[in-house]
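These notes concern the structure reproduced below.
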Protein chains: 2
Amino acid sequence: MAELDRFFIPQSVALIGASRTPGKIGYVMLESLKSSFKGLIYPINPQATEIAGLTVYTNVNDVKEPIDLAIIAVPAGNVKIVLEDCIKKKIQAAIVISAGFGEIGNKEGEMELQKLAKGRIRLLGPNCLGTYAKGLDMLFLPKDRMKRPPEGAISFITQSGAVGSAMLDDIAFEGVGISKFVSYGNAIDINELELLEYFAKDLGTRAIAAYIETLHDGNRFIEVCKKIVKTKPIVTLKAGKTAKGGEAVLSHTGALAGLTEVYSAAFRQAGVIEAKTTEELFDFSKALATQPALRSNKIAIITNGGGFGILTADAAVLAGMELPDLDKPTTKALQAHMPSYAIAKNPVDLTGDANAERYAGALTAIGKDPAIAGIIVIALVQTPQLEESVVDVIRDAKMYGKPIVAVMAGSDYTYKLVRRLEGFGVPVYPTPERAAKAMSVLWQYGLILKQFAPPPPPEKKAAKLIAKKAKKAAKKVAKKAKKRR
Amino acid sequence: MAELDRFFIPQSVALIGASRTPGKIGYVMLESLKSSFKGLIYPINPQATEIAGLTVYTNVNDVKEPIDLAIIAVPAGNVKIVLEDCIKKKIQAAIVISAGFGEIGNKEGEMELQKLAKGRIRLLGPNCLGTYAKGLDMLFLPKDRMKRPPEGAISFITQSGAVGSAMLDDIAFEGVGISKFVSYGNAIDINELELLEYFAKDLGTRAIAAYIETLHDGNRFIEVCKKIVKTKPIVTLKAGKTAKGGEAVLSHTGALAGLTEVYSAAFRQAGVIEAKTTEELFDFSKALATQPALRSNKIAIITNGGGFGILTADAAVLAGMELPDLDKPTTKALQAHMPSYAIAKNPVDLTGDANAERYAGALTAIGKDPAIAGIIVIALVQTPQLEESVVDVIRDAKMYGKPIVAVMAGSDYTYKLVRRLEGFGVPVYPTPERAAKAMSVLWQYGLILKQFAPPPPPEKKAAKLIAKKAKKAAKKVAKKAKKRR
């Protein structure tokens with residue numbers, strides 16, 4: 001069991017500060033835990049004996065069984081004493097939800113906790129929301145106000161709790177899946193570096209999204225990321241790039257641009273993909289978590305709306321993509337499946353009366369074209385001719401092994417289909433421009449892979465093979481020698 | 001009655017090509033009309049006598065009463081003969097929905113229509129969706145697939161029907177209101193210029209959004225817009241900036257950048273605000289349609305999430321805004337309404353446990369500060385402490401006469417409140433960056449007003465006043481002289 005596993009897959013948790021009062025943080029957290037966590041829950045509250053059917057304890061040391069994880073949600077002034085209790089109980093992982101430390105100038109209280117925890121207990125927080133994963137929901141945001149995202153392949157770390165919860169709620173609406181979520185707050189023990197390293201090894205994580213306000217060690221960040229991006233893409237959104245926070249922001253714009261560039265340069269050096277906006281953080285992550293990297297920048301566009309085709313072409317070109325002319329066999333294959341007024345060029349315009357079958361024909365023709373590395377497929381589903389099965393048709397096109405991203409703009413009906421298609425592992429965007437950018441990021445990650453994890457040169461490969469064979473031969477000889485003895 | 005009024009507020013319409021078959025375009029259009037239009041509807045179809053309870057006519061000339069508007073949805077080959085019927089019937093306005101003309105190379109058919117209509121009937125289309133306004137819905141997109149937006153102050157013209165319907169559906173979800181919508185297609189008679197001029201005079205329109213593929217006369221476009229923007233902002237999204245359409249796009253990037261710049265320069269010269277993405281088209285329009293222009297670039301930010309405050313500050317500064325330090329009286333007024341751990345600086349951080357009352361205190365303090373020209377207010381409503389009434393509190397802050405834009409990120413619960421707040425005329429954005437950009441566009445429009453509609457210099461004002469007085473005096477003298485006679 002990795003050290004940080006206790007924060008995501010504990011067997012038992014204590015909620016210190018569990019409350020009897022509906023609406024209170026300590027009550028909502030208990031509700032969230034009860035509805036998600038399958039292990040043992042020990043609510044701790046000296047003033048209660050039972051909450052929501054669970055036996056309440058006065059102190060963690062009154063619990064006889066071992067406790068994997070302590071979640072601490074008591075007033076700042078009581079955190080130290082509670083943490084001492086946890087150490088006494090030999091709990092090895094604690095999340096301090098409580099605010100009122102470094103962020104309001106109480107550095108002393110923070111350092112006390114840090115000193116106390118060191119070598120005795122691993123600590124997430126303070127001033128955070130804690131963790132969220134399948135089977136572990138401790139969020140104090142009620143479910144009727146904040147949707148929980150489905151299980152998926154993105155892990156999301158965030159320094160700010162409010163950014164974290166608002167964005168989880170936002171992406172849950174679209175249907176983007178989350179593997180693990182961590183709000184790490186003031187990071188007096190566990191910080192973004194350790195979390196990145198943890199997710200690098202986590203089997204459920206295929207892409208890492210990070211909202212970062214402070215880099216705790218710039219050089220190590222670069223070092224750590226360089227290794228991770230060989231196998232998993234990292235997307236970061238850095239806040240406070242325009243001089244720390246807000247106030248200092250306006251003082252002088254000179255230093256400001258400098259700062260922005262410093263961070264961008266560091267991210268480039270680290271092989272990290274930089275999101276410039278909150279929107280881009282998940283636009284990019286969901287493409288990277290579900291699609292392979294793009295092996296060239298040559299893509300094709302398929303649309304049932306001419307205007308959206310043009311806008312997507314514009315945006316793709318501006319994002320560094322190429323829209324090659326289609327060769328004769330592909331053009332013929334396209335024409336075989338569409339009426340004469342449809343356009344068998346790139347972008348392929350199936351026109352407004354296209355049905356799912358016409359999409360299937362086009363996706364097959366383009367999917368089989370070796371000159372095309374990726375596909376942006378636009379499906380405006382407002383038209384009565386287009387069946388819902390277009391979603392299955394797009395899913396089936398994954399068999400060609402090429403990155404696919406989709407554009408679907410609309411409201412209720414559209415979003416029903418968006419969620420289905422995203423459930424199939426195809427990222428969907430509400431505008432041409434966002435889809436084109438996401439596609440270009442798959443190309444950017446392709447370049448990062450080439451730079452940071454280049455395939456071994458052919459000579460080396462041959463040398464390796466020879467070495468392997470030699471080893472095998474040596475083993476055989478040794479075995480024979482053994483037998484002879 | 002202005003000539004184009006017939007396209008938006010007709011008294012009677014004929015739907016030529018009304019269909020008996022559910023799901024068919026001519027059937028959905030009739031359904032849309034029936035559920036919206038209060039005037040007389042004459043379905044025309046030689047093969048039917050009644051559809052959905054309405055008497056069907058073989059030909060418009062069988063209708064005895066006058067017809068204001070003909071909507072033509074028959075196969076391309078029959079459009080000409082139908083149009084001749086309309087002219088014979090002395091109908092003065094026709095919308096040709098039918099496709100199959102210039103867009104598929106049938107320039108001849110298009111020119112025939114053009115020649116026929118000239119001086120006899122005003123024509124919208126062909127190859128379009130027609131118009132949409134309160135009391136006139138002719139869209140052939142079924143309502144269960146495409147939401148209709150509520151009534152509002154944006155008029156939206158679009159060359160592409162599919163772009164139009166997808167975007168209407170999209171913004172309807174948020175709750176953005178539309179005054180009038182026109183899909184003008186191939187524009188063989190009425191084009192974007194005449195529509196812009198029409199909306200300039202339309203009382204229901206406070207901002208114009210335009211999706212444009214072709215400018216029919218670049219110089220006149222600049223001329224026309226220069227006049228309109230003195231009273232109403234125009235936002236355009238130009239498609240095909242990277243060489244026409246998609247194919248030509250990739251050939252050479254040199255010409256490409258040139259094209260983009262040519263359009264951008266023309267828009268700047270015309271005082272038109274350029275949207276670079278579909279998202280920006282309505283992000284900008286909804287701010288401009290509901291908020292006054294910004295009189296300076298000095299704004300304040302109010303948030304209950306520190307991270308979102310920082311991100312908004314970053315984005316605002318990068319968009320050219322200033323976040324001035326707050327003066328003593330404002331700081332004191334803020335502090336009077338918030339706990340000690342909240343931050344009475346700009347951005348104002350009310351912190352995660354803020355309730356509506358705390359927002360009210362902050363909005364009042366900032367609203368009264370003469371140094372602050374506009375307010376970005378962030379309300380992350382996932383927290384259980386924040387009451388729904390925060391929406392009313394934000395609406396009430398409109399009394400200070402300053403532009404307000406809001407940020408609310410989330411899903412179902414959040415969007416319920418977003419729609420309410422947008423109904424009150426406050427534009428809401430799902431991300432800090434989009435809100436900050438929208439605010440900067442209010443400043444951009446302030447600059448456009450200064451450039452294109454400068455207030456008369458003081459001397460001129462005085463001279464005018466003197467001239468007015470002199471005129472009045474002269475009149476008096478003339479009157480007296482008359483009496484004497």
Side-chain angles (χ1 to χ4, degrees), chain A residues 23 28 104 141-142 144-147 160 162-163 165-167 169-170 172-173 211 213 239-242 245-247 249-250 256 277-279 301 305-311 313-314 317-318 322-325 341 345-347 352 380-384 409-414 430-433, chain B residues 23 28 104 141-142 144-147 160 162-163 165-167 169-170 172-173 211 213 239-242 245-247 249-250 256 277-279 301 305-311 313-314 317-318 322-325 341 345-347 352 380-384 409-414 430-433:
Chain A
V28 181
I104 60 156
L141 294 317
D144 58 344
R145 293 194 162 210
M146 182 202 150
K147 266 184 131 170
S160 155
V163 168
S165 53
M167 294 189 78
D169 189 13
D170 191 15
F173 177 77
Y211 167 81
E213 293 181 2
K241 282 185 296 191
T242 58
E247 244 217 4
V249 164
L250 92 158
L256 192 156
T277 65
T278 35
E279 206 165 80
I301 296 167
F308 264 55
I310 301 173
L311 288 171
D314 279 352
V317 169
L318 292 172
E322 261 187 59
L323 300 175
D325 284 331
Y341 52 83
K345 291 177 181 175
N346 190 9
L380 302 172
V381 294
Q382 285 84 10
T383 63
S411 61
D412 297 336
Y413 176 72
T414 296
T431 74
E433 297 86 1
Chain B
V28 182
I104 59 155
L141 295 316
D144 58 343
R145 291 193 165 212
M146 182 204 149
K147 265 185 129 169
S160 154
V163 168
S165 52
M167 293 190 77
D169 189 14
D170 190 15
F173 178 77
Y211 166 81
E213 292 180 1
K241 283 184 298 191
T242 57
E247 246 217 4
V249 165
L250 92 156
L256 191 154
T277 64
T278 35
E279 203 165 83
I301 296 167
F308 264 55
I310 300 172
L311 289 171
D314 280 352
V317 169
L318 292 171
E322 261 186 59
L323 300 174
D325 284 331
Y341 52 83
K345 290 177 182 177
N346 189 9
L380 302 172
V381 295
Q382 283 84 9
T383 62
S411 63
D412 297 335
Y413 176 73
T414 296
T431 73
E433 297 86 2

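Note: hydrogens, waters and symmetry copies are ignored here, and every other heavy atom, side chains too, is used. Residue numbers begin at 1 in each chain, while the letters A, B, ... track the order of the sequences.
- Here A:G410 is the residue among A:G23, A:A172, A:G410 with the most heavy-atom pairs under 4.5 Å with chain B.
- Looking at A:Q382, the atoms closer than 4.5 Å to chain B (heavy atoms on both sides) sit in the backbone and in the side chain alike.
- Using a distance-only test at 3.5 Å, with no hydrogens or angles considered, no donor-acceptor pair links the side chain of A:R145 to the main chain of B:Y413.
- Most heavy-atom pairs under 4.5 Å with chain A: of the set B:P142, B:P384, B:A162, this distinction falls to B:P384.
- Side-chain contact between A:L380 and B:S165: absent, with no pair of heavy atoms (C-beta onward) separated by less than 4.5 Å.
- A donor-acceptor pair is defined here as one N or O able to donate and one able to accept, closer than 3.5 Å; such a pair exists between the side chain of B:D314 and the backbone of A:G240.
- For the pair B:F308 and A:V163, the minimum side-chain heavy-atom distance is below 4.5 Å.
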Note to self: Under the criterion side chain to side chain contact (heavy atoms under 4.5 Å, CB included), I'd like the reasoning laid out for B:D412 against A:F173: C-alpha separation, chi angles, the key distance, then a yes or no.
What the structure shows: CA-CA 7 Å; B:D412 297 335; A:F173 177 77; 3.5 Å; yes

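- Considering only residues two or more places apart in sequence or on other chains, B:T277 meets the side-chain hydrogen bond (donor to acceptor under 3.5 Å, both in side chains) condition with none of them.
- The contact between A:L141 and chain B is made by backbone and side chain atoms together, counting heavy-atom distances below 4.5 Å.
- Considering only heavy-atom pairs separated by less than 4.5 Å from chain B, the leading option among A:T414, A:I104, A:T383 is A:T383.
- The salt bridge (charged side-chain N to carboxylate O under 4.0 Å, His left out) test applied to B:E279 returns A:R434, B:R434, not counting sequence neighbours.
- For B:S411, the parts sitting under 4.5 Å from any heavy atom of chain A are the backbone and the side chain alike.
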Next item on the list: Tell me, with the steps shown, if B:Y211 and A:L311 meet side chain to side chain contact (heavy atoms under 4.5 Å, CB included).
Entry: CA-CA 11 Å; B:Y211 166 81; A:L311 288 171; 3.8 Å; yes

